[in-house]
Asker: 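If you scroll down you'll find the structure; I have some questions about it.
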There are 2 protein chains.
Amino acid sequence: MQGNNHDDVRRHNLSIILRLVHRGGAASRAQLTRLTGLNRSTIGALVAELVERGLVEERTPDPTKLAGRPSPIVAASDRIVAIAVNPEIDAITVGAVALSGVVHRLIRYATPSSPSIAEAVTITAGIVAKLKRDLGEYSIIGIGVAVPGLVRASDGLVRHAPHLGWVDEPLCDLLAAATGIPVVAANDASLGVTAERYFGSGQGLTDLVYLNGGSSGIGGGLVIGGVAAGGQAGYAGEFGHTRVSDGIDTDSAGIAGTLEAEVTRHALLAALGLQAGETDADTLERALLASDSLIVRNLVNRQLDFLAIALASAVNMLNPQLIVLGGFLAALHAVDPERLNVAVAALTLPAAFAEVSIAPAVLGSNLLMIGAAELAFEALLVDPQQDRGNTTGLPLLGFRAADTAAPTFSTSQGHPLS
Amino acid sequence: MQGNNHDDVRRHNLSIILRLVHRGGAASRAQLTRLTGLNRSTIGALVAELVERGLVEERTPDPTKLAGRPSPIVAASDRIVAIAVNPEIDAITVGAVALSGVVHRLIRYATPSSPSIAEAVTITAGIVAKLKRDLGEYSIIGIGVAVPGLVRASDGLVRHAPHLGWVDEPLCDLLAAATGIPVVAANDASLGVTAERYFGSGQGLTDLVYLNGGSSGIGGGLVIGGVAAGGQAGYAGEFGHTRVSDGIDTDSAGIAGTLEAEVTRHALLAALGLQAGETDADTLERALLASDSLIVRNLVNRQLDFLAIALASAVNMLNPQLIVLGGFLAALHAVDPERLNVAVAALTLPAAFAEVSIAPAVLGSNLLMIGAAELAFEALLVDPQQDRGNTTGLPLLGFRAADTAAPTFSTSQGHPLS
DNA sequence: GTGATACGTTGCCAATGTCAACAAATCATC
DNA sequence: GATGATTTGTTGACATTGGCAACGTATCAC
């Protein structure tokens with residue numbers, strides 16, 4: 001229950017403009033005027049401040065067919081960069097993502113075994129140090145980490161990452177100390193839903209359920225009423241432990257009859273005769289679609305029916321607009337979307353089912369990079385004036401590398417923003 | 001994505017002060033200063049505006065033991081009134097609830113049979129007309145209806161109220177036309193969670209799950225991330241249709257093995273040898289606690305275990321701080337809270353279970369009156385300046401009865417606010 | 001009664017968005 | 001190519017609002 005003062009208005013308006021150009025792509029000043037309802041002169045002043053802070057750039061107007069004075073294009077800067085990190089069992093992936101959506105760098109560092117927390121921090125810090133040098137002229141405003149496990153929202157403590165064997169590890173503090181850059185972390189599936197919500201199949205929706213099927217289990221994330229729902233401590237979205245049967249098989253948490261116990265990637269691979277380590281999501285989907293084995297088909301149907309029970313629970317409880325399926329759940333869905341639809345319809349209230357869609361995730365391998373970068377950008381998007389009070393005259397947005405060697409890009413590719 | 005201007009700041013600040021004194025009870029100006037972070041002079045100006053609009057009243061300071069000038073007490077007005085309506089199968093209950101929390105009137109109109117939509121509107125409009133006369137000097141700002149069924153949030157259409165037999169009834173429009181007062185409607189359980197959240201056991205919490213057990217089934221409501229989660233169309237919270245077993249019994253929607261199919265008030269009453277129509281929630285709870293029948297105890301245990309499955313799904317999915325149980329679910333809980341706790345713990349992730357509590361609803365029979373009134377107050381709380389632009393000099397907040405007959409109160413009782 | 005403390009009130013100030021008038025840049029038409 | 005219509009950026013005056021400091025006021029402790 002905080003009161004508003006003038007600074008809040010300015011901050012809010014700057015925040016809205018920055019969010020619009022970051023998430024919606026470049027927009028003309030005239031478009032911003034219409035979208036925000038603010039006055040032309042106000043937009044002019046706000047954009048000027050964002051330009052001065054280096055957060056957006058103004059480009060010459062696009063040639064348009066309309067009469068009238070052309071409006072300059074406002075685009076999020078390529079030079080404001082977040083570092084996205086995703087530690088996994090066999091590799092650590094690090095990306096440098098600009099506010100504009102451009103992925104400047106994408107580095108996958110394979111590890112011989114599942115990294116300990118110390119190894120993960122050391123490896124990441126090393127990659128970050130290199131990125132600092134390479135991206136010397138860019139402002140690195142933060143690091144976002146997508147963790148395959150439970151992450152406490154308040155301080156980024158990794159409560160339990162079963163896959164990696166981490167328990168109660170202060171990942172954020174360690175990585176911040178090792179790099180000198182602010183670090184935020186969250187559950188990977190929560191970040192997946194963030195990415196899908198802003199840049200994927202959930203654009204513009206307010207009530208969104210995301211389920212991701214990974215090799216170690218099923219996780220998910222929620223957007224409810226337009227806000228990412230983390231729950232009290234950030235553990236929301238654990239769909240894998242939803243009860244779907246009276247079976248006795250247990251999941252990773254030792255609970256019987258859950259979605260994660262009944263619907264597994266492992267079982268699908270085994271039925272197909274594929275090796276776990278060598279099969280990515282696309283390969284699995286192609287193999288499932290190509291298979292004419294009755295055993296495989298029966299397994300798929302069985303898993304789809306269990307999945308439907310969990311989705312039905314979510315639909316009845318949350319009345320979402322869209323359910324997004326990622327990982328091997330997307331592959332399952334691709335085999336027989338109609339079966340899933342019918343099964344969910346049979347278990348839900350007609351009114352709630354009427355306007356829900358079930359769709360595969362559209363963002364591919366960059367999903368977690370985009371989500372983790374978004375997490376790191378959030379502080380800046382909430383308050384684009386973070387460096388106010390700075391009297392040095394220098395931009396203080398996050399860390400600025402001292403080294404100014406010309407950057408060379410190994411990867412440079414935009415979000416599917418437009 | 002709307003921009004802020006000056007009016008928004010003022011509106012927001014007025015809104016916050018009004019919410020504080022409405023939901024938190026009377027507060028001194030000095031307290032408001034501390035709570036909002038606003039300046040003393042600003043609080044003075046804002047409170048003066050609210051007083052002028054008749055929304056709050058300033059009282060002489062309470063005698064305090066502190067040194068210094070005493071601060072006037074700001075309290076929500078008794079004269080700003082919302083009308084709460086709850087149609088049920090055997091009666092229509094109408095209450096007149098003041099912004100201060102005082103319940104000026106509470107009228108239960110018994111109906112010989114389940115009312116049709118036309119009957120419900122006519123009966124309600126009659127009671128409202130009488131309330132208008134009786135409360136002539138008061139401003140009636142709106143009507144809130146708690147409907148036992150699915151209500152579309154966008155326009156208050158009653159999609160399906162199985163208990164009453166209503167399908168796609170434009171209740172809000174009909175009642176607004178019959179009374180001349182703006183009407184809003186929502187699902188009764190959603191309003192229950194609103195009431196519990198602001199005035200009951202969920203005060204100050206941001207993530208809250210509410211399940212209510214009624215004679216016709218099990219409904220519920222959610223507060224997620226501090227906002228009431230209605231889902232895309234307002235149908236969220238239908239916990240009754242969560243799958244809890246592989247059983248073949250079906251619920252009111254024809255779905256088998258759901259919470260509502262396995263956990264019923266009817267079965268409890270039958271085991272106790274009680275009549276449905278004559279047993280209220282308290283009586284049921286006392287009978288359950290007093291019973292030493294093994295059959296009853298086994299049934300209770302069975303129902304508690306099924307309830308635990310549904311609650312565990314909610315905990316894993318939503319990571320709430322509190323689960324509130326109302327109606328006969330509170331009675332079930334009272335019999336053996338520990339059994340329920342243990343059963344939920346066994347089905348949830350330890351991290352998510354660690355900080356969740358399961359508690360009975362504390363608001364009694366006034367629950368829906370308070371929730372429905374809150375729904376009607378919401379527009380005023382969002383924008384206390386609703387009548388700006390009014391040049392007549394008269395207060396235009398909602399309807400003002402023409403008749404000024406001195407009101408006599410049949411019921412006058414405060415919320416459990418303080 | 002005196003001082004300390006806490007708080008309301010008042011007048012001035014700074015920040016911000018709005019508005020209206022004007023300038024600039026484009027398209028359509030002649 | 002000149003002209004008008006249209007759209008938009010720019011500029012300066014303006015209104016509104018909350019912050020702030022000085023002052024006044026009401027209580028308590030001694």
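In what follows, chains are A, B, ... by sequence order, proteins preceding strands, each numbered from 1.
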Asker: Starting at CD1 of Ile43(B) and ending at C1' of dC20(D), how long is that distance when rounded to a whole Å?
Answerer: 15 Å
Asker: Could you state the atom-to-atom distance from CZ of Arg10(A) to P of dT18(C) in whole Å?
Answerer: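 Rounded to the whole Å, the gap is 11 Å.
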Asker: May I have the step-by-step check of side chain to side chain contact (heavy atoms under 4.5 Å, CB included) for Val74(A) and Gln31(A), ending in yes or no?
Answerer: CA-CA 10 Å; Val74(A) 181; Gln31(A) 284 176 300; over 6 Å; no
Asker: Using only side-chain N and O atoms of Asn13(B), determine if any of them is under 4.0 Å from OP1 or OP2 of dG18(D).
Answerer: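 Yes, because at least one side-chain N or O of Asn13(B) sits under 4.0 Å from OP1 or OP2 of dG18(D).
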Asker: Under the side chain to side chain donor-acceptor pair (under 3.5 Å) rule, collect the residues that match up with Thr42(A), sequence neighbours excluded.
Answerer: none
Asker: Take Pro61(A) and Ala45(A), find for each the nucleotide of DNA chain C with the closest heavy atom, and name the residue whose nucleotide sits nearer the 5' end.
Answerer: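 Residue closer to the 5' terminus by nearest nucleotide: Ala45(A).
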Asker: Thr33(A): which residues meet the side chain to side chain donor-acceptor pair (under 3.5 Å) condition with it, sequence neighbours left out?
Answerer: none
Asker: Applying side chain to side chain donor-acceptor pair (under 3.5 Å), can you list everything that pairs with Asp173(A), at least two apart in sequence or on another chain?
Answerer: none
Asker: For Glu58(B) and dC7(C), give me the distance from atom CD to atom P, rounded to whole Å.
Answerer: 14 Å
Asker: Report the distance from atom CG of Leu46(B) to atom C1' of dG18(D), rounded to the nearest whole Å.
Answerer: 9 Å
Asker: Give the B/S/- string for nucleotides 3-10 of chain D, one per nucleotide from 5' to 3', where a protein heavy atom under 4.0 Å of the base yields B, of only the sugar-phosphate yields S, and otherwise -.
Answerer: ---BBBBB
Asker: Would you mind reading off the distance between Arg11(B) atom CZ and dT16(D) atom P, rounded to a whole angstrom?
Answerer: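 Rounded to the whole Å, the gap is 15 Å.
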Asker: Applying salt bridge (Lys or Arg N to Asp or Glu O under 4.0 Å), which residue pairs with at least one partner in residues 42-51 of chain A are found, sequence neighbours left out?
Answerer: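 Sorted pair list: Arg10(A)-Glu49(A), Glu49(A)-Arg53(A).
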Asker: If I take atom CG in residue Leu38(B) and atom P in nucleotide dG8(C), what distance separates them, rounded to the nearest angstrom?
Answerer: 13 Å
Asker: For His12(A) and dG17(C), give me the distance from atom NE2 to atom C1', rounded to whole Å.
Answerer: 14 Å
Asker: Between atom CD in Glu49(A) and atom P in dT16(C), what is the gap in whole Å?
Answerer: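 Going from CD in Glu49(A) over to P in dT16(C) covers 8 Å.
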Asker: State which residues pass side chain to side chain contact (heavy atoms under 4.5 Å, CB included) with Ser77(B); sequence neighbours excluded, sorted by chain then number.
Answerer: Glu57(B), Arg79(B), Ile80(B)
